[in-house]
> 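Structure below; questions to follow.
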Amino acid sequence: MAGNKPQLTKDQAKAYWRATIRLTITLLVIWFAVSYGAGVLFRDILDKVSIGGAPLGFWFAQQGAIYVFLILIAYYCFAMTRLEKRFGLGE
């Protein structure tokens, strides 16, 4: 039945929320570091290396950040499923 969702205690709900926020902030920091850090801040250093003829800093700014973002989305889905199972919220 749709109405039979497990209920968390107040402490469990706080722990679940804390874990969710921690995961989200961690992934956002990684995304920021890759997209802004590698594409803008460290571009001069990274441009000394090239991938397929393009400087690495340019590559991160144009494609690398998008690939990392997609990987982070997939990891978020995996991690949230694991987190929900840990707290008894999974299907």
Side-chain angles (χ1 to χ4, degrees):
M1 278 189 185
N4 289 339
K5 291 186 179 181
Q7 296 294 319
L8 298 177
T9 66
K10 195 171 190 175
D11 290 336
Q12 288 175 323
K14 283 183 181 181
Y16 173 74
W17 184 244
R18 223 176 296 122
T20 303
I21 293 298
R22 187 178 320 120
L23 173 66
T24 304
I25 289 173
T26 301
L27 295 179
L28 285 172
V29 167
I30 292 170
W31 183 40
F32 175 79
V34 170
S35 62
Y36 188 73
V40 178
L41 294 178
F42 305 116
R43 184 174 178 199
D44 294 335
I45 296 167
L46 294 173
D47 280 349
K48 295 176 183 175
V49 177
S50 65
I51 289 183
L56 187 58
F58 174 78
W59 184 85
F60 265 107
Q62 296 301 312
Q63 286 119 352
I66 295 169
Y67 293 145
V68 170
F69 183 65
L70 293 174
I71 291 167
L72 290 176
I73 291 171
Y75 180 76
Y76 178 80
C77 292
F78 168 76
M80 282 303 296
T81 300
R82 190 177 62 197
L83 190 64
E84 288 170 353
K85 285 180 183 176
R86 190 172 90 196
F87 284 93
L89 299 173
E91 291 184 53

> Is there a path of hydrophobic side-chain contacts, each under 4.5 Å between heavy atoms of I/L/V/M/F/W/Y residues, joining Tyr75 to Ile73?
yes
> Check Gln12 against Gln7 and note the closest heavy-atom contact, atom names and distance.
OE1-O, 4.5 Å
> When clusters are formed by joining ILVMFWY residues with side-chain heavy atoms under 4.5 Å apart, either directly or through shared neighbours, do Trp59 and Ile71 land in the same one?
no
> Does Ile21 belong to the same Ile/Leu/Val/Met/Phe/Trp/Tyr cluster as Leu72, with side-chain heavy atoms less than 4.5 Å apart forming each link?
no
> Under the rule for ring pair (Phe, Tyr, Trp, His ring centres under 6.0 Å), what residues qualify as partners of Phe42, not counting sequence neighbours?
none
> Find out if a path of hydrophobic residues (ILVMFWY) with successive side-chain heavy-atom gaps under 4.5 Å connects Trp17 to Leu83.
no
> Under the ring pair (Phe, Tyr, Trp, His ring centres under 6.0 Å) rule, collect the residues that match up with Phe58, sequence neighbours excluded.
none
> How are the rings of Phe87 and Tyr16 set relative to one another: parallel (under 30°), tilted (30 to 60°) or perpendicular (over 60°)?
perpendicular
> Can you give the donor-acceptor pairs under 3.5 Å from side chains of residues 23-33 to other protein atoms, not counting sequence neighbours?
from, atom 1, to, atom 2, distance (Å)
Thr24, OG1, Thr20, O, 2.9
Thr26, OG1, Arg22, O, 2.7

> Would Val49 and Val40 show up in the same hydrophobic cluster when neighbours are defined by side-chain heavy atoms closer than 4.5 Å?
yes
> Quick one: closest heavy-atom pair of Ala19 and Arg86, and the distance?
CB-NH2, 4.2 Å
> Using every non-hydrogen atom in the two residues, find where Leu89 and Leu8 come nearest and quote the distance to one decimal.
CD1-CD1, 3.9 Å
> Which pair of heavy atoms, one from Val34 and one from Ala65, lies closest together, and at what distance?
CG1-CA, 4.0 Å
